[in-house]
Amino acid sequence: MKLKTMTMEWTGNSLKLVDQRKLPHVIEIVECGSYHQVAEAIREMIVRGAPAIGAAAAFGYVLGAMESPENDDISSIKAHMRNVYKKLASTRPTAVNLFWALNRMEKTLTEISDLSQMIETLEQEALRIAYEDIEINKTIGRYGASLLKEKSSVLTHCNAGALATVDYGTALGVIRSAVSQGKKIKVYVDETRPYLQGARLTAWELLQEGIPATLITDNMAGWVIKQKLVDAVVVGADRIAANGDVANKIGTYSVAVLANRNKIPFYVAAPVSTIDPEIKSGSEIPIEERSHSEVTHVNGVKIAPEGIGVYNPAFDVTEHELITAIITERGIIRPPYKENIARIIWGGK
Ligand code: MRU
């Protein structure tokens with residue numbers, strides 16, 4: 001079985017990715033034929049967004065299995081696959097979906113008794129992860145759409161769209177679903193400095209869908225919200241702690257504070273795989289710091305003076321008190337988050 005979406009294509013022996021660093025002006029496909037190349041693509045953000053990097057890593061794991069030393073004994077194959085795991089896991093620290101997908105792949109490997117079936121079995125599991133993600137996003141979309149008014153103006157931050165997932169998106173999935181139900185939805189898109197996922201990717205996706213969208217710089221969000229130009233905020237997540245604290249793209253916290261102050265709902269849309277029950281609160285979530293050049297430069301053009309100090313955290317944490325609801329494929333989670341998240345994770349629906 002194969003897979004082909006806007007974000008990624010599994011050909012059977014390679015993973016093709018649309019190079020998200022170059023969108024929207026250049027549509028270039030990068031073909032990864034080895035797990036090292038997949039790891040590089042995740043680290044360099046050719047592919048990005050929590051569910052997308054999880055699925056990409058799963059296919060990277062399959063490529064790693066294909067690179068196993070031939071005619072080797074089981075223990076050296078296992079040692080090789082541990083290295084594959086470690087390499088892929090070392091790429092980006094914040095989005096838990098990466099580790100969730102790799103753990104699922106590793107578990108599948110440990111359950112294989114006949115090694116001649118290894119590649120096929122792992123490939124099937126990676127495809128399951130990818131296809132499940134699409135269905136999960138559609139379900140999140142349906143739940144989330146029920147929260148939006150018939151006529152609504154929504155602010156979103158970063159890109160939690162088709163490009164950040166295997167397809168359809170989480171936060172943008174909510175918007176897509178509401179629009180497909182006939183609701184009149186307008187979207188304000190934060191540009192999302194420094195990487196500009198909003199200006200480049202979310203704006204592009206919404207334009208392609210014909211959903212009315214207005215781009216603003218991040219520092220305009222407060223004024224937009226204060227003027228009541230939006231009635232809800234919907235964002236994605238990279239990791240959700242057991243108490244409901246949410247790590248998402250840097251700038252999300254500011255938007256949550258603004259939404260709270262102005263009494264509009266702040267929704268987080270994410271699959272259950274983004275919840276990390278091992279992490280009690282947001283303060284334990286590892287926050288990735290990226291290259292200073294992302295801040296000193298805009299689209300490759302240097303804007304800051306040489307020698308200036310830079311801080312570039314890629315994510316921030318929004319405390320659960322600021323979150324109106326977390327929309328998952330198993331339903332909408334509302335406070336008290338600790339209890340309700342535990343029920344969703346351990347107790348089914
Ligand atoms: O650094 P990125 O672009 O990978 O960060 C992406 C985000 O923060 C998204 O909001 C999050 O991964 C959810 S994607 C459905």
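Given the structure is predicted, the values throughout are model-derived calculations rather than measurements. All heavy atoms count here, side chains included; hydrogens, waters and symmetry mates do not. Both ligands and their constituent atoms are indexed starting at 1 by order of listing.
- In terms of the salt bridge (Lys or Arg N to Asp or Glu O under 4.0 Å) criterion, residue partners of Arg92 (sequence neighbours excluded) are, by chain and number, Glu288.
- For Leu17 against Cys32, the heavy-atom pair with the smallest separation is CD1-SG, 4.0 Å.
- Trp100 is listed as a side-chain neighbour of Ile129, based on a closest heavy-atom distance under 4.5 Å.
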Using a 3.5 Å cut-off on N/O to N/O, what pairs does ligand 1 make with the protein? A line per pair would be great.
from     : atom 1 : to     : atom 2 : distance (Å)
ligand 1 : 1 (O)  : Arg92  : NH1    : 3.4
ligand 1 : 1 (O)  : Arg92  : NH2    : 2.8
ligand 1 : 1 (O)  : Lys249 : NZ     : 2.7
ligand 1 : 3 (O)  : Arg48  : NE     : 2.6
ligand 1 : 3 (O)  : Arg48  : NH2    : 3.3
ligand 1 : 3 (O)  : Gln197 : NE2    : 2.8
ligand 1 : 4 (O)  : Gly49  : N      : 2.9
ligand 1 : 4 (O)  : Arg92  : NH1    : 2.8
ligand 1 : 8 (O)  : Asp238 : OD1    : 2.7
ligand 1 : 8 (O)  : Asn248 : OD1    : 3.1
ligand 1 : 8 (O)  : Lys249 : N      : 3.2
ligand 1 : 10 (O) : Asn248 : OD1    : 2.6
ligand 1 : 12 (O) : Ala50  : N      : 2.9
ligand 1 : 12 (O) : Asp238 : OD1    : 3.2
ligand 1 : 12 (O) : Asp238 : OD2    : 2.9

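- The closest side-chain donor-acceptor pair between Arg193 and Asn219, if any, does not fall under 3.5 angstrom.
- Looking at every heavy atom in both residues, Arg21 comes nearest to Arg200 through O-NH1, 3.4 Å.
- Between Phe59 and Trp10, the ring planes lie parallel to each other; the angle is under 30°, not in the 30° to 60° tilted range.
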